[in-house]
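Down below is the structure, laid out as structure tokens.
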Amino acid sequence: MAGNCPNVLAQGTCSDSNCKFSHTITTCETCNLVFEDSDAYEIHLSDKKHQSRVSGSSVVSHCIICVANITGGEKGWQVHITGKRHATQAITKGLSPSIEPQAAITTAKNTFCDLCQAMVYNAHWNAHIRKEQHTSRESFMRYRSALEDAEADKNDVIVEGSFDFDFVDPTAAAAGVHLYANVKTTVIHGRCELYELRLASTQGTRTIIPSFSAEIRGTSRSVTTQTALTVVVTLRQGYIGRYEDRLEFVFRDTRLRKYFIISRTLKAIVGYKEDHETLRPSAPYIPRTRSAYKPISNVVEGVKPPALSAVKYVVRLPRAEIPHQLQIMLSGSESTHRLMNNIKKIFMPSSLNSDTYGRHFKNLLWVEEYKMEQDLERYDIPNASLAKYNTYYYLRVPGLAEKRPSVLVGDLILVQERGSRDGRWFEGHVHIVRQEEVGLRFHGSFTQYPEGKLFHVRFKLNRIPTRRQHQAMDSVFTEDRVLFPRVTHITPGPARRPASLGMKLFNPLINTNPPQLQAVASIVSMRRGSPPFVVFGPPGTGKTITIIEAIMQLLEADPEAKILACAPSNSAADLIASRLQERRLKDTQLFRFYAASRFKNQVPDALLPYTAMSNGHFTVPSMQRMRSFRVVVSTCVSASFSAGIGMARGHFTHIFIDEAGQAMEPEAFVSIKTMADSNTNIVLSGDPKQLGPIVRSSIARALGLEKSYLERLMDSEPYDLKNSYGKSVVKLVKNFRSHDAILKFPNQTFYENELQACAEASVINTYTDSQYLPSKKFPVVFHSVAGKDDRESSSPSFFNIDEITQVKSYVQKLKSDRAFRTADKDIGIIAPYHAQCVKLRAALRSVADDIKIGSVEEFQGQERKVVIISTVRSSKEFVEYDLKHTLGFVANPRRFNVAITRAQALLIIIGDPQVLSLDPLWRSFLNYIYLNGGWIGPDIPWDPNTAVDEAGGYDKAIRQNASIDMDAFARRIEGLALAEVDEDLDANVDRPWRDVE
């Protein structure tokens, strides 16, 4: 019978043997709750209250006056001892209320868990001890105990000496350096001998050449009081990195015929001490805590810059404020998983279709905007000074040059005098942006503050980009053939053959490239009102060249054709405009629109004649002239200007979006939903296998905002390459960038092995037979470096000095090599962490100032002869954090794909294989390099011939394989078990900010 049994729901059991109701319910014994469906139960398990009950209440103290355990750490203790109840109890007992906290104790209702330092309800004890956090701590304590026992001197035998080599120059380490240990006994008639010396690294299943060795000096093995045995420990390792092993002294008591072990940990840092002293953290890293974000209400308006009125808009931009109830929900204390489910249930439409499309993406935009505003808190400046010059107040902004934060003319920055009593904030409009400072203008009353005052500075999110996207989502343009194309929308029959069009190509090379030629022919022959056409362009296949040719052919074939060409970034939009300018388009035919916030020196000189300026700011020409342009180029967000100034819907016959995979879907639709009509044709180009849009909110990502319009189309039936090739989609397959060895792995992994290596031999073979290649015809190198993660005091972003030293060594060799001449512009250095990029620039400042160093996002669409990738991570305890947040390269296939496909002739990856191999994709890639002879440094720590398990789980295998290196395992367990991490607090520290207008 349908429905759940009321007895079960009320009592948890049903005694009626003839009951016809369903008993398929789930009970949470910990919380004493019953759930009617499994989804609700799964949500409950991730709830903070449930997790807290199972984990127990954190307890750090016991009050002997009140005979009570006190929760809440030091803060909780202070609240307790200053409370009335405590004071009353102290007076009654004749004791001072100011007492020191004692260790917590078990009570009648609660048990204190010494391992977890938590008070647990007795009813929840069994659930608590099964919890992974408790069992991990249990394992850690067990192994730590075993390790301490092994390291202790015993049976009256003493092992003396230093076993830490500290810093060793690579040249000296390669030749071999020594330390000496003495073994002696305090017992006159002792009967012990040093039976064996062995290293833990030699005891695994895979034989690896150890960096350390040890031998007994002389022939005697007996341990006596008269003569100490001398043991020589040697480090022989020429590769930069940190090396650690465990040396086991195996003794035999000849009288008792018993063996026992005393172990010592061997350590060495092979590298240059001066590099470590220069780049080391200025202070230990201290995790920040989430501060309560206080809304600002008492604001004095500032003076707007003239740039804001440079373009005369006739269509008003909506405010699109976040709905009050959604804001309340986002600002609550729900777990991320529960919050996502509540937003999905309450705010998101039950299905995504043409009618619900706008509401769906508006809510995702609000969720993303809320997170962006939160992330901006990181850049608040607590004690800032302002320097006045003329009418401007100049504020120094750390990180401004790196767009951390990104500040544009017209942005708002709020300042409040430190210790302000009236609570007033002054709104400063940004008028000037320099390398390290901004010029602000405030209300006239701000002059009351003399120089020397200190202010709290808060950066405000520029909402214009999201408001433009909201404006687009509000549009009633909801055509299925654009939003949700079906197979029936595609013109039946075979694709139009290029030869039948008789095109005279502007770029003759396209004639030798059938996919490019087919893409151009398909775009030119599209009937009006067709579904979007996709040019799928894997790395280096010339998709922009294809798009430029298609635009030129459209202009040639149809005198009435008017084209709006967009891209997510200014650099990508500039590339389109520059290529069209090179095709001899006149300034009466081509217009490049820039937001007024952009500066003239940020624009390529060749494109300035194709712009319009007024009073030193970019603007738009007259409407009559705007209508006469054959091609208009802008960023995706700025494309709303055309509707904003009053251009008619349907004016453009074609809308092109290049690099469409990098744009959020509502961003891509700014141009489409504001300017397209039933006849407008849409052309998208990009690669869904490379980087998607930058989305900061984990909730918005989970609900689909990270999936681009391009990717969504490519996942649908009308864009199946086998059935729709040439009709709705073309895949470019000729790669003109990389050596075949560089291309082979991503080709097999991401592109079904369809890419063809067609690059110029003189470029891609530059470094074959060079000193940089262990396999002379294979220009891919993995340089194994076991380094150490570090963090600065103020930032959770990671850096790795050992890898920086190795990168610097490669750069110096490349620059000084006369046989293989390499300029700065030929080298690109990619690192997934902002802190690593900053430290690399500092290390290379006197060596190679003009080398581009940046994140993967900064290199998308670019190429270099030589690409060096520093993967940074070397501490296993943080890998679980990486997997959760998809930081760095671990567990992020798109970032991995982009990083390894930027190189033309030489790809060098520097990293710790122990960490990288936890991800199946990286393990496969490292196997590929090793088996082709491209490995440098300490040997691969697993069998590269063993098939890779795509399901992963390698992190668990390492934790379970504790016997290989007990000490490293213990530290790893400690890190995983004891780290308390706010999942969202610092998740975006290395995620770049979009350069939007």
Side-chain angles (χ1 to χ4, degrees), residues 3-4 9 24-26 28 31 33-53 290 292-295 318-375 377 461 463 465-467 469-476 478 483-484 664-667 669 673 693 695-709 712 884-885 982-985 987-988:
N4 288 299
L9 292 174
T24 55
I25 63 165
T26 309
C28 176
C31 303
L33 294 174
V34 177
F35 298 90
E36 298 183 57
D37 65 84
S38 58
D39 287 343
Y41 178 64
E42 289 298 322
I43 293 172
H44 168 75
L45 291 180
S46 64
D47 185 69
K48 282 187 177 179
K49 289 182 180 178
H50 171 85
Q51 295 287 339
S52 177
R53 283 194 172 110
R290 173 93 60 199
Y293 188 82
K294 298 178 180 178
R319 292 298 308 168
E321 300 286 1
I322 183 171
H324 182 62
Q325 292 303 318
L326 179 57
Q327 187 165 24
I328 290 175
M329 184 174 288
L330 288 167
S331 60
S333 58
E334 296 269 303
S335 68
T336 302
H337 181 72
R338 190 176 181 86
L339 180 57
M340 180 190 71
N341 279 284
N342 286 338
I343 289 173
K344 185 177 180 180
K345 185 187 302 181
I346 297 170
F347 294 97
M348 305 297 290
S350 57
S351 61
L352 180 60
N353 54 48
S354 296
D355 294 328
T356 63
Y357 185 88
R359 178 184 161 203
H360 176 92
F361 280 107
K362 282 174 72 68
N363 280 297
L364 291 185
L365 285 170
W366 279 318
V367 172
E368 170 67 3
E369 187 175 354
Y370 184 87
K371 180 59 178 171
M372 291 171 72
E373 190 78 60
Q374 270 192 334
D375 286 350
E377 292 179 42
L461 182 69
R463 294 195 65 243
T466 51
R467 288 170 65 191
Q469 293 172 72
H470 277 288
Q471 183 182 45
M473 294 302 101
D474 289 334
S475 165
V476 295
T478 57
L483 273 70
F484 300 97
M664 294 190 300
E665 183 151 348
E667 183 183 355
F669 266 91
K673 282 177 79 49
V695 178
R696 308 187 79 81
S697 166
S698 59
I699 295 173
R701 287 198 297 270
L703 293 176
L705 193 59
E706 196 174 37
K707 190 170 191 174
S708 67
Y709 177 40
R712 183 168 68 81
K884 285 181 181 178
H885 298 283
D982 183 333
E983 289 191 14
D984 283 329
L985 187 59
N988 290 324

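Index from 1, following the sequence.
- Residue His360 holds its NE2 atom at 10.0 Å from CG of Leu365, rounded to the nearest 0.5 Å.
- Using a 4.5 Å cut-off on side-chain heavy atoms (C-beta onward), Trp366 and Gln327 make no contact.
- Residue Leu461 holds its CG atom at 4.5 Å from CE of Met372, rounded to the nearest 0.5 Å.
- Shown here for Ala702 and Met340, the closest heavy-atom pair between the two residues is CB-SD, 3.3 Å.
- The distance from atom CG of Leu483 to atom CG of Asn353, rounded to the nearest 0.5 Å, is 9.5 Å.
- Looking only at side-chain heavy atoms (C-beta outward), Glu369 and Ile322 stay at 4.5 Å or farther from each other.
- By the 4.5 Å heavy-atom criterion applied to side chains, Arg701 and Leu705 are not counted as neighbours.
- Here His470 contributes atom NE2 and Glu321 contributes atom CD; the two are 9.5 Å apart, rounded to the nearest 0.5 Å.
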_side-chain contact (heavy atoms from CB on, under 4.5 Å) for Leu703 and Val367? Distances and angles first, verdict last._
CA-CA 10 Å; Leu703 293 176; Val367 172; 5.8 Å; no

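- The shortest side-chain heavy-atom distance between Glu665 and Lys707 does not fall under the 4.5 Å cut-off.
- The closest donor-acceptor contact from the side chain of Thr356 to the backbone of Ser351 lies under 3.5 Å.
- Checked by atom type and distance alone, the side chain of Arg696 never pairs as donor or acceptor with a backbone atom of Tyr370 at under 3.5 Å.
- Atom CD of Glu706 sits about 10.5 Å away from atom OG of Ser698, to the nearest 0.5 Å.
- For residues 349-366, the set of pairs meeting the salt bridge (charged side-chain N to carboxylate O under 4.0 Å, His left out) definition, not counting sequence neighbours, comprises Lys362-Asp474.
- Side-chain contact between Ile343 and Leu330: present, with at least one pair of heavy atoms (C-beta onward) separated by less than 4.5 Å.
- Listed for the Arg463 side chain is a donor-acceptor partner under 3.5 Å among the backbone atoms of Ala320.
- Under the 3.5 Å distance criterion, the side-chain polar atoms of Asn363 are matched with a main-chain donor or acceptor of Phe347.
- Between the side chain of Ser697 and the backbone N or O of Lys371 there is no donor-acceptor pair closer than 3.5 Å.
- Side-chain contact between Gln469 and Phe669 is absent, with no heavy-atom pair separated by less than 4.5 Å.
- Across every non-hydrogen atom of Gln471 and Pro318, the tightest pair is CB-CD, 3.8 Å.
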*Go through Glu368 and Val695 one step at a time and tell me if the side-chain contact (heavy atoms from CB on, under 4.5 Å) criterion holds.*
CA-CA 7 Å; Glu368 170 67 3; Val695 178; 3.2 Å; yes

_Residue pair Tyr357, Thr478: steps toward the side-chain contact (heavy atoms from CB on, under 4.5 Å) verdict_ = CA-CA 8 Å; Tyr357 185 88; Thr478 57; 5.9 Å; no

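- Using a distance-only test at 3.5 Å, with no hydrogens or angles considered, a donor-acceptor pair links the side chain of Glu667 to the main chain of Met664.
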